[in-house]
Amino acid sequence: MSLSLTGVSVDYDGVPAVVDVDLGLPAGQVLAVLGPSGSGKSTLLRAVAGLEPARGTIAWAGQDLAGTPTHKRGFALMFQDGQLFPHLTVARNVGYALRLRRAPDTERRVTELLELVGLSGYGDRLPSTLSGGERQRVALARSLAVEPRLLLLDEPLSALDAGLRERLAGELRDILVAAGTTALMVTHDHDEAYTVADRLAVMRAGRLVQSGAIDEVWAAPADPETALFLGYARVLEGTAADRVLAAAGLRAASAVAVRRSALTVDVSEGSAGPEALRGVVLSARVTPDQVRLVVDVEGVGELDAVASVNTHPAPGEPVRLTVDPSRLATIR
Amino acid sequence: MARHHHRLTHAVRRPAALLALALLPVLVLGVFFLLPVSGMVARGFWVEGDFVPGGVVEVLTRPRTGRVVWFTVWSAGTATVVSVVLGLPAAYALHRLDFPLRRLVRAGLLVPFVLPTVVVGVAFLELLGESGPLGFLGFDGTPVAIIAGLVFFNAAVVIRAVGASWESLDSRPAEAAAALGATPLQVFRTVTLPSLRPAIVSAASVVFLFCATSFGVVLTLGGTEYSSVETEIYLLTTDLLDLPAAAALSIIQLLAVVALLAVAARLRASADPSVTRVPARPRRPARADLPQLVMTGLLLLLVAAPIVTLVLGSLRVGDGWGLANYRALDSTGSQQALVVPVTEALATSLRTAVDATWISLTLGLLVALAVTRRSRSRAERSVRTVLDGFFMLPLGVSAATLGFGFLITLDRPPVDLRDSALLVPIAQALVALPLVVRTLVPVLDGIDDRQRQAAASLGAGPLRTLLTVDVPVLWKPLLAASGFAFAASLGEFGATAFLARDESATLPVVIFRLIGHPGAMNYGMALAASVVLAVTTAVVMFAVERLRVPSLGAL
């Protein structure tokens, strides 16, 4: 019982939107397809739902879905803005699919689902009276009501503001795990992907660049662009990469991706080894958690670094930096 | 003191500006609509200076009145239902699917809406008459012919109004429903239909209005046996000279129409501004779309059949074919059927239509600007709503009532226009006015007021703001509305039939005279003249359709 895509391509009026994608998703797991806008990730999702004509094979449990229309696939699709039916109450929205199937006990099931998404007692309200976050929860409950074989989530949280997005991402993960749902989520936000998914697939310009378990992808981005998209601050090559890798005590590689927090200002007394990084502070910006620096590092060039809030390195000051190897990713 | 003064002028200036915008249209509508219609109605109540309401009441209890009202209601009701049933699949096929010749089919199906009623009457006579290709059905002179004629006209209204709404319908809720396991039929029933319901109900109410007040079709196809309220008013005033009866029927009609317009206004689809919509791109037809495509083809056939028979009929001379009927158009027909040749009537029609167009456009633009400005107070808003409804009135008042009212009220001081060349254009402009207003208002309503505020905050005065924000959006709809008004004026028959003198008759009036006169040549000329009129309006409408203004003709 798993989803498998083989050589899937989608064109829009002759312009390729998705090119030759191979992808697998085992049952019970959550896969996030990550990509910048226009990368074809939403098109891929719509093709899986059966809403876009695609070439190649989209199969569920080994069975080709080419001739199966959307409503017979058993894949529920949740849109970016929920797409609740405005003329139906919350309860009727959630129970929509159950009523279509004339399922018994619809009312009890709707109550359970609303409880699951934390909206008990909202049943009689109309979608227009809900906040953006509440609408998304109702849309989620509506999608879960059918107990879909596969839940498709199209940027489910990106219409919400930052704080709410962070909180709902965690809740979404909990709800999906609690329901044991297999899900395919599309997003452009790497934090969201990291919070919700088990597996990660990165798309760029219609092509699948990399896929795998989420920590594996994170630890070894396929190329510099992927690294930058995954939230690494800079990608270093050549001697600069060698210097940083040596300072971290890692083997040499052709390139290394560096997170903002990989370099920390070392305020300890005593001398450091010859491979330690030294530089001059170019700029400093204080945030509630830390001081964010840009440092001109000897033999490397400009790098981002952080310092704890109680230290105040000023521009022009020399600093020594330590490297956290777990916040680097080598690129082969 | 200075501040107080400033606030005062501000409070006065806004209503004053509204008044200035609306003054001319209100004045024109007052003199050329309210005065004639009330004059006409008064004729019914006052006989030789005495108030005699009994006559009117007596008319309402006549069995014939009951029959006429009942016929109007059931024929209009049936025609409305049939129009909606035939129009919905076509609206879908033409606005959601992408297939070759789609634009052409779309324009073709809209032609009937602006075809002059008289032309449609003649075309159906030719199709269903004893010697016509469908004569064997025996529909000639039956209600079936009338209903077919009404549907021929009004299916286009349904396609237009519902199609526009369908086109702007976001396809994602339907996709969400399908992803939840709804079959295409269930998606239509539970998601699409509820979203379209306002547009459908509003289109149906407008179609009912058009059917119930249809004049030319019922007059040419109904003969003497079947009569609607509208044609009955005409017969009572011109043939029987029974003014109280005509007035009584006019009052009934006026009340019914006002009620219907109020319902239509309430139901007019208003989009929820908080919802962002992503209009669907038309897609290639799939096998599941076959029924809708077949229905569209059927409708196209229904629309084409009368037109084709009309054209063929106009080319038939005796037992052969030829252009003799067209060549005869520069004559006055056999047995002195006409006072002026048909060609001159065409020239008169075009001249009149130009005048009617600029009049209705000027008035319509002023009205649209007046009713769409943002209101600051509740009172201001209700004034605008009343104004909006006021200018819709000509839509539903019998053109015959209006025409006859012109004759009896504008023939003496203070307004003596009997000999004015503008009398006919003004009447036609009033008939076209609601169409112009309804085309422009949604466009102006669609402009985000913050655009104007942004322009003003950057230092643009009211006129400059208008030029920067409104005019770029408005010029195309304005052009489209003028084409629409022009076409409507070309085909206007009800009011013109009363007002046009024999020597300055317009083409539709001439056609009606020609059918009424015996003689094969006159009939052939009527067919040829109908074709000329149809082609002229069709050309105007095709040009308008190319401008692609969605609100056009959507009432």
Side-chain angles (χ1 to χ4, degrees), chain A residues 12-13 42 45-46 48-53 67-88 92-103 126-132 135 138-139 141-154 159, chain B residues 96-100 102 165-166 168-202 266-292:
Chain A
Y12 273 130
D13 294 333
S42 285
L45 191 81
R46 292 172 57 83
V48 172
L51 295 168
E52 300 288 342
T68 313
T70 302
H71 64 276
K72 291 194 178 141
R73 292 195 177 193
F75 299 169
L77 173 61
M78 182 180 155
F79 285 86
Q80 188 172 350
D81 48 3
Q83 293 299 334
L84 299 179
F85 306 129
H87 58 287
L88 301 180
R92 291 185 71 80
N93 260 292
V94 174
Y96 177 80
L98 299 171
R99 281 198 309 282
L100 287 182
R101 300 170 170 192
R102 302 190 201 306
L126 279 172
S128 55
T129 66
L130 302 181
S131 72
R135 276 183 222 184
V138 175
R142 184 178 72 175
S143 301
L144 290 173
V146 278
E147 290 173 358
R149 304 196 282 182
L150 173 67
L151 178 61
L152 303 169
L153 303 159
D154 187 2
Chain B
R96 289 306 278 246
L97 299 180
D98 184 21
F99 51 88
R102 177 173 76 118
S165 169
W166 214 326
S168 66
L169 204 63
D170 198 331
S171 60
R172 289 174 304 170
E175 290 171 357
L180 291 170
T183 64
L185 199 67
Q186 285 172 324
V187 170
F188 181 75
R189 198 167 47 78
T190 58
V191 179
T192 313
L193 205 56
S195 318
L196 289 179
R197 193 176 294 136
I200 294 175
V201 177
S202 145
R266 175 135 307 180
L267 294 172
R268 198 172 297 139
S270 56
D272 180 0
S274 68
V275 180
T276 51
R277 281 161 201 282
V278 182
R281 290 186 317 170
R283 57 177 176 79
R284 303 227 149 261
R287 196 175 310 150
D289 298 321
L290 200 65
Q292 286 88 325

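Below, chains carry the letters A, B, ... as their sequence lines are ordered, and counting in each starts from 1. Reckoned from all heavy atoms, side chains included, excluding hydrogens, waters and symmetry mates.
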So does Arg96(B) pair up with Asp289(B), basic N to acidic O under 4.0 Å?
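Salt bridge: no.
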
Quick one: what part of Ser195(B) sits under 4.5 Å from any heavy atom of chain A, side chain, backbone, both or neither?
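Nothing of Ser195(B), per the 4.5 Å heavy-atom cut-off to chain A.
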
What part of [X] gets closer than 4.5 Å to chain B, counting heavy atoms only: side chain, backbone, both or neither?
X        : value
Ala76(A) : both
Phe75(A) : backbone
Leu51(A) : side chain
Arg46(A) : side chain

Quick check on Arg92(A): does its CZ atom have over 12 non-hydrogen neighbours (other residues, nucleotides or ligands) under 6.0 Å away?
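No.
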
Exceeds 12 heavy-atom contacts within 6.0 angstrom, atom CG of Leu290(B)
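Counting neighbours around CG of Leu290(B), more than 12 heavy atoms of other residues, nucleotides or ligands fall under 6.0 Å, so yes.
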
Taking Gln80(A)'s backbone N and O only, do any of them form a donor-acceptor pair with Arg172(B)'s side chain (distance below 3.5 Å, no angle check)?
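Not a single qualifying donor-acceptor pair exists.
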
Do you know which two heavy atoms are closest between Leu77(A) and Ser143(A), and how far apart they sit?
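Reported closest heavy-atom pair: O-OG, 4.0 Å.
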
